[in-house]
Engineer: 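Quick one: the structure is below, questions incoming.
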2 protein chains.
Amino acid sequence: MTHNDAPGSKIPMVVIKRLPVYQRYLSELQKKEVERISSGELAAKIGITASQLRHDLSCFGNFGQQGYGYKVDDLLFEVNKILGLDHNIYMVLIGAGNLGRAVLSYPNFLSRGFIFKAAFDQKQPPVNLNIEGILVQPVRELESYLKEQLIDIGVITTPAANAQEIADILVAGGVRGIWNFAPISLKTPENVVVEHVHISESLLVLSYQLCHKGFGRLPVSY
Amino acid sequence: MTHNDAPGSKIPMVVIKRLPVYQRYLSELQKKEVERISSGELAAKIGITASQLRHDLSCFGNFGQQGYGYKVDDLLFEVNKILGLDHNIYMVLIGAGNLGRAVLSYPNFLSRGFIFKAAFDQKQPPVNLNIEGILVQPVRELESYLKEQLIDIGVITTPAANAQEIADILVAGGVRGIWNFAPISLKTPENVVVEHVHISESLLVLSYQLCHKGFGRLPVSY
DNA sequence: CTAACTTTGTTAAAAAAATAACAATCTTTA
DNA sequence: TAAAGATTGTTATTTTTTTAACAAAGTTAG
Ligand SMILES: NC(=O)c1ccc[n+]([C@@H]2O[C@H](COP(=O)([O-])OP(=O)(O)OC[C@H]3O[C@@H](n4cnc5c(N)ncnc54)[C@H](O)[C@@H]3O)[C@@H](O)[C@H]2O)c1
Ligand SMILES: NC(=O)c1ccc[n+]([C@@H]2O[C@H](COP(=O)([O-])OP(=O)(O)OC[C@H]3O[C@@H](n4cnc5c(N)ncnc54)[C@H](O)[C@@H]3O)[C@@H](O)[C@H]2O)c1
């Protein structure tokens, strides 16, 4: 598949999931003021094949030069554009608990154009708290807030038991994406994208690997 | 491949990553006191094919009964055992910042047998702080601590710039696995498993999807 | 300017993963 | 107890993903 393909062509999810990794390595190279890099060098750093890297990029366009490789600045610019990092994205967070506060105060989101416009909670302690300049409001005001403000992404960091009701309010309020940290599969209409952060799942995968290691039994293939 | 295969047979990583999802749905069923479930019903809930579910499970054994399905209790017991949830795992956390404190105080890890034995930080404010019964110690004591205590997993929630040096100390101290929240690819010997939690990567994937939605151009295939 | 290299983008082949198919066999009902 | 129905575990097929191969095109050095 090439970037010239007819409308309706699909980019595989496996490819999209690798883009943030490319973005990260390219950012590092740019910070080190490396000017150019070949698919072979970059792939080696990342730990994949050059073939896969070139194949992935070719889904989106021709960013390299034969005999030369890729200009780091140019390729990073293109990858950023593909990922939507070339414009701001506005977010609200619901559930200003331990994890929610960590997410709210993480500076790297803002620096990449992900802007928290507001935060909401149910209980009094988080409500009225000021976290990195964002005042936590009572959650009953979420619905009316979304009527007034254009919000792209709702971030759910409430307990799993409350996540679906919050998702419903977010969807009704017109958000286009939900970033969900609660360990539950949310039901949303097709036009709302849900991205689930699998923190606990990840620990179980690690646990599995520790359990089945060194015996020569049931090892893992990557 | 069957569970009877000769030693050296490999379980694909894609299969292992689905096990925690099965675990979660089975736990929910158990909580609802559902006694039995067929591969068809469970797969429908999860949103995969019955074929895939049965195929995955058959990597580990024969847990069902023809004409009946699976006993929820029994299957959950087996999945828990496969994931290593049938015994305690001892952990230390390094970097008791915003995210580190959220992880330390999350009760669902302890309830599943993941036990934080200690936490470490560099700066004074987190050090001496008591988080859910765990006293944060100066990070310079990490090395000697690991000599005295048997720790399975080291959890890294320091900034990326310090993650590799911490990983080196953990490896030297004999941990078998590293759960890494820092956005950097750690270099470790083969016998130490690293599991990376992709929080920021996940947000970029969501951003991509919002960007390429509804135009009929570059849609996503799952 | 030319020739020897290098490296891309793309097509082809191989490998892995998902899905379908179905015999074997257990459950349920009568 | 027997016959009908349900569901598994496994093998076969299809689809997806990864890797390899290579012509085309640009770079670099002399
Ligand atoms: N902390 C972790 O390490 C961790 C790990 C994996 C998953 N998670 C998940 O992330 C989510 C948040 O975890 P946490 O540790 O921050 O929990 P937490 O209890 O510290 O925070 C949850 C917050 O949500 C608020 N809340 C509850 N119901 C609400 C509602 N209806 N509307 C608005 N706010 C509401 C609570 O008042 C609280 O402030 C949970 O779903 C948890 O399962 C957390
Ligand atoms: N907070 C988030 O939402 C988020 C999202 C994605 C990734 N991350 C990553 O998770 C990690 C932690 O993030 P955070 O928000 O908690 O940052 P933070 O700054 O709040 O916490 C980092 C902690 O690590 C400590 N530290 C620094 N160097 C250390 C060392 N050598 N030894 C021991 N402790 C040390 C600091 O004193 C601090 O307490 C970072 O790598 C960050 O990039 C965080």
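Every chain is numbered from 1 and lettered A, B, ... according to where its sequence line falls, protein lines coming before strand lines. Predicted model only: the values in this text are computed from it and were never measured.
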Engineer: Please give me every residue in residues 67-85 of chain A whose heavy atoms get under 4.0 Å of an atom in DNA chain D, ordered by residue number.
Structural biologist: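 Of all residues in residues 67-85 of chain A, the ones placing a heavy atom under 4.0 Å from DNA chain D are A:G67, A:Y68.
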Engineer: End-to-end bend of the helix from C:dC1-D:dG30 to C:dA30-D:dT1 (five-pair axes, 10° rounding)?
Structural biologist: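 Here the local axes at opposite ends form an angle of 30°.
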Engineer: Between B:E41 and B:S38, do the side chains contain an N or O donor and an N or O acceptor separated by less than 3.5 Å?
Structural biologist: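 Short answer, yes.
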Engineer: Distance under 6.0 Å and angle within 45° of the ring axis: does B:R36 meet both against B:Y70?
Structural biologist: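 No, B:R36 and B:Y70 do not form such a contact.
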Engineer: Heavy-atom distance under 4.5 Å between the side chains of B:L210 and B:Y208, does that happen here?
Structural biologist: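 With C-beta onward as the side chain, the pair stays apart.
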Engineer: Starting at the 5' end of DNA chain D and moving along, which residue's nearest nucleotide shows up first, B:Q65 or A:Q65?
Structural biologist: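 In this pair, the answer is B:Q65.
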Engineer: Under 3.5 Å, is there a donor-acceptor pair between the A:Q164 and A:D168 side chains?
Structural biologist: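 A donor-acceptor contact under 3.5 Å links the two side chains.
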Engineer: Go through the steps to decide whether B:D56 and B:R18 satisfy the test salt bridge (charged side-chain N to carboxylate O under 4.0 Å, His left out), and finish with yes or no.
Structural biologist: CA-CA 8 Å; B:D56 284 356; B:R18 282 190 291 264; 2.6 Å; yes
Engineer: Check the distance between C:dT8's C1' and A:L57's CG and give it to me in whole angstrom.
Structural biologist: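 Taking CG of A:L57 and C1' of C:dT8, I get 11 Å after rounding.
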Engineer: Can you name the atoms? Protein N/O to nucleotides 20-22 of chain D N/O, anything below 3.5 Å, with the distance.
Structural biologist:
residue, atom, partner, partner atom, Å
D:dA20, N7, A:S51, OG, 2.5
D:dA20, N6, A:S51, OG, 3.4
D:dA21, N6, A:R54, NH2, 3.4

Engineer: Is it the case that atom CD in A:Q149 sees more than 12 heavy atoms from other parts of the structure closer than 6.0 Å?
Structural biologist: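 Yes, the 6.0 Å shell around CD holds more than 12 heavy atoms from other groups.
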Engineer: Should B:N62 be listed as having a side-chain N or O under 4.0 Å from OP1 or OP2 of D:dT10?
Structural biologist: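 So the side-chain polar atoms of B:N62 do come within 4.0 Å of the phosphate oxygens OP1 or OP2 of D:dT10, strictly under.
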Engineer: In whole Å, what is the span from the CD atom of A:Q52 to the C1' atom of D:dT16?
Structural biologist: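 For the pair A:Q52 CD and D:dT16 C1', the rounded distance is 13 Å.
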Engineer: So if I take residues 20-38 of chain B and measure heavy-atom distances to DNA chain C, which residues fall below 4.0 Å?
Structural biologist: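 DNA chain C contact set from residues 20-38 of chain B: B:R36.
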Engineer: With a cut-off of less than 4.0 Å, is there a side-chain N or O of B:Q66 near OP1 or OP2 of C:dT27?
Structural biologist: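 So the side-chain polar atoms of B:Q66 never come under 4.0 Å of the phosphate oxygens OP1 or OP2 of C:dT27.
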Engineer: What's the CZ-C1' distance between B:F60 and D:dT8, to the nearest Å?
Structural biologist: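 It is 18 Å, rounded to the nearest whole Å.
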Engineer: Starting at atom CG of A:L53, determine the distance to atom P of C:dT8, rounded to an integer number of angstrom.
Structural biologist: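 Distance, rounded to whole Å: 8 Å.
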Engineer: Using the side chain to side chain donor-acceptor pair (under 3.5 Å) criterion, which residues pair with A:E78? Sequence neighbours excluded.
Structural biologist: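 Per chain and number, A:E78 pairs via side chain to side chain donor-acceptor pair (under 3.5 Å) with no residue.
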Engineer: Is it the case that atom CZ in B:F77 sees more than 12 heavy atoms from other parts of the structure closer than 6.0 Å?
Structural biologist: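 Counting neighbours around CZ of B:F77, 12 or fewer heavy atoms of other residues, nucleotides or ligands fall under 6.0 Å, so no.
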Engineer: Just one of B:L150, B:T188, B:I151, B:I153 clears the side chain to side chain contact (heavy atoms under 4.5 Å, CB included) bar with B:V175, so which one?
Structural biologist: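 When side chain to side chain contact (heavy atoms under 4.5 Å, CB included) is applied between B:V175 and each of B:L150, B:T188, B:I151, B:I153, only B:I151 qualifies.
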Engineer: Does a donor on one side chain and an acceptor on the other come within less than 3.5 Å for A:N180 and A:E195?
Structural biologist: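 There is no such pair (donor and acceptor under 3.5 Å, judged by atom type) between the side chains of A:N180 and A:E195.
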Engineer: At under 4.0 Å, does any side-chain N or O of A:S39 touch on OP1 or OP2 of C:dT7?
Structural biologist: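 Answer is no, no contact under 4.0 Å.
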Engineer: Under 4.0 Å between a Lys/Arg side-chain N and an Asp/Glu carboxylate O for A:D152 and A:R176?
Structural biologist: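 A salt bridge is present here (some side-chain N lies under 4.0 Å from a carboxylate O).
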Engineer: Take A:F109 and A:W179 through the ring pair (Phe, Tyr, Trp, His ring centres under 6.0 Å) test and state the conclusion after the steps.
Structural biologist: CA-CA 13 Å; A:F109 296 141; A:W179 197 27; 5.6 Å; yes
Engineer: Rounded to whole angstrom units, what separation is found between the CD1 atom of B:I48 and the P atom of D:dT15?
Structural biologist: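 Interatomic distance, CD1 of B:I48 to P of D:dT15: 20 Å.
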Engineer: Might you point out which heavy atoms bring A:R112 and A:L85 nearest each other, and give the distance in Å?
Structural biologist: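 Scanning both residues completely, I find the closest heavy atoms to be O-CD2, 3.9 Å.
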Engineer: Can you list the residues that meet the salt bridge (charged side-chain N to carboxylate O under 4.0 Å, His left out) rule with B:R24, with sequence neighbours excluded?
Structural biologist: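 Result, salt bridge (charged side-chain N to carboxylate O under 4.0 Å, His left out) vs B:R24: A:E201.
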Engineer: Provide, to the nearest angstrom, the distance between the NZ atom belonging to A:K10 and the P atom belonging to D:dT17.
Structural biologist: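 Spelled out: NZ on A:K10 to P on D:dT17 is 13 Å.
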Engineer: Starting at atom CG of A:D56, determine the distance to atom P of C:dT10, rounded to an integer number of angstrom.
Structural biologist: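 It works out to 14 Å between those atoms.
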